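See below for the structure under consideration.
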2 protein chains.
Amino acid sequence: MQEIRLTPISFIVLGLLSWAEKATPYELKRMAASLSDLWSVQHTQLYGEPARLAKAGYLSEQQEATGRRRKTYALTKKGREALAAWLAGPTSAFTELRDPGLLKLYFGADPQTVAAEQAELHRRKLAEYETFVARGSPEEAEGPFLALQAGLAHEREWVRYWEKLEKRKTESR
Amino acid sequence: MQEIRLTPISFIVLGLLSWAEKATPYELKRMAASLSDLWSVQHTQLYGEPARLAKAGYLSEQQEATGRRRKTYALTKKGREALAAWLAGPTSAFTELRDPGLLKLYFGADPQTVAAEQAELHRRKLAEYETFVARGSPEEAEGPFLALQAGLAHEREWVRYWEKLEKRKTESR
DNA sequence: TGAAGCATGTAATTTGTTACATGATTGG
DNA sequence: CCAATCATGTAACAAATTACATGCTTCA
C-alpha cells in the first residue's frame, strides 16, 4: 500500500463515491457526466484511478466472481478522511483561462471571425444551462447548484465578450 | 518525418516562433511567461515540443557546435502554413471551467470558507491585471491586448461570484 | 572566492488519450 | 433474428509533471 499523490481526479472519484456508497467504473462514468461542464474526465480514467486509489487504501475493491467480473469500489475510512480533509483545507490553486479561441486571438487570428464562432458556441451553452436552471430539480444538492451558477455567470461573460468583439467595427482600438 | 498531431502547445510554440524568427527553448520559456495567465506551459515542454515539431518538419533545428550545444529553432514553410491554417480555421473546442475551488464546492465544501479564500485570490489577480492595463505598453500587439481584456472580465466575474457567496448568510437558497 | 541563484537541460515517472475489442440488449 | 447501439474494459501510445543535475554569473 504505497503512498500516492491525490490529484483532482482522485477527488472526483472520492467525491462521487461519497454520494453513491459504492459503484463500478461504469457507474462512475455515468455520474461523472453531470460534472462534465465543470471538469470532464475520460471514461478510461475511471478504470485506472479507482484501481490506483484502492491500491493505496482509499477505496475497497470487490470483484464479481462470475461473468463480467466487474469491480465495485467503495470509500474506506481513509478515503472518507482524505476527502473531508480536502474539502476542509485551503485551495490556493488557480484556474487559467485556457480557452482555445482566446489562444488563437492571442496569436493573431482575426477577431471578428473567431468572435462569431465563439459567440455562437457560448450562446448555445448558455441556453443549455438556462434550461437546467429552469427545469431545476429542487432536490439537487447545493454544491452542484452553486457550480451551475458559476457556469452561468461565466457563460454570460463569454457571450458578452465575444459579441462585443464581433460587432466591433474592425481595428479600432 | 512522421506526421504528428498538433496540440495547443504545438501552436503556442509555433506562435511564439512567429514572433521571434528563431529561439532556443530557454528563450521560448521566457516568451511563454507572458502567456502564463492564459495558458501556462512547463519549461520542460519547451524542450520536448520543439524537438517533436522539428522532427515532423514544422521547425528547423540548428545546434551550437560548442559549449552548451544549445538548439535554436525556427519556423519552416510547413510550420508557418500550419500556424496560418490554425489561425484561420474554425475552433469548436470549448473551455471547461476546471476551477479547483468550484470543484470543492461541488462536492460539498463549506461555501463561505471556500469563497473567502477564492475571493482573495481573485482580487489579487484582478489587481495585477489592472496594473498591466494601467501601465499599458502601447506597442503591444492586439491579440495579447484582447486576451487581457477577457482575463479582466472573467476575474471581475470571479470576484463578484465569490464575494456574493462569502457575504451570503448561511444556507438560504 | 565561494555561495546563491539563475540558466539550461535530461531522465524518470505519472497522467491522460486514443484505439481497439467484445459482450449484452433492444427496437424493428 | 439481426443491426445498431450501449455497456464495459484493456492496451498502446502520447503528453505532461517532477526530480534531478550541472554549468554559469554575480556580487558580497
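Being a predicted model, the structure only gives us computed values, none of them experimental. All chains are named by letter (A, B, ...) in the order of the sequence lines, taking the proteins before the strands, and each is independently numbered beginning at 1.
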Distances for protein N or O near nucleotides 10-12 of chain C N or O, under 3.5 Å:
none

Who pairs with A:E117 by side chain to side chain contact (heavy atoms under 4.5 Å, CB included), at least two apart in sequence or on another chain? B:P90, B:T91
D:dT17 phosphate, OP1 or OP2, under 4.0 Å from B:Q45 side-chain N/O: yes
Can you measure [X] atom [atom1] to [N] atom [atom2] for me and round it to whole angstrom units?
X     : N      : atom1 : atom2 : value
B:I4  : D:dA15 : CD1   : P     : 7 Å
A:R70 : C:dT22 : CZ    : P     : 19 Å
A:L46 : D:dT10 : CG    : C1'   : 15 Å
B:W39 : D:dA15 : CH2   : C1'   : 14 Å
A:L28 : D:dT8  : CG    : P     : 12 Å

Validation: residues 21-28 of chain B side-chain donor-acceptor distances under 3.5 Å, sequence neighbours left out:
residue: B:T24; atom: OG1; partner: B:Y26; partner atom: N; Å: 3.4
residue: B:T24; atom: OG1; partner: B:E27; partner atom: N; Å: 3.2
residue: B:E27; atom: OE1; partner: B:T24; partner atom: N; Å: 2.9

Donor-acceptor contacts under 3.5 Å from residues 147-156 of chain A side chains, at least two apart:
residue: A:H154; atom: ND1; partner: B:H154; partner atom: ND1; Å: 2.9
residue: A:E155; atom: OE1; partner: A:H122; partner atom: ND1; Å: 2.5

All side chain to side chain donor-acceptor pair (under 3.5 Å) counterparts of A:E120, not counting sequence neighbours: A:R123, A:R124
Using the side chain to side chain donor-acceptor pair (under 3.5 Å) criterion, which residues pair with A:R80? Sequence neighbours excluded. none
Out of D:dT8, C:dA7, C:dG16, which nucleotide sits closest to the side chain of B:Y26? C:dA7
Considering only heavy side-chain atoms of A:Q42, the closest of D:dA16, C:dT18, D:dA14 is C:dT18
Would you mind reporting whether B:P8 and A:R98 have side-chain heavy atoms less than 4.5 Å apart? no
Select from B:R5 and B:R30 the residue whose nearest nucleotide in DNA chain C is closer to the 5' end of that strand. B:R30
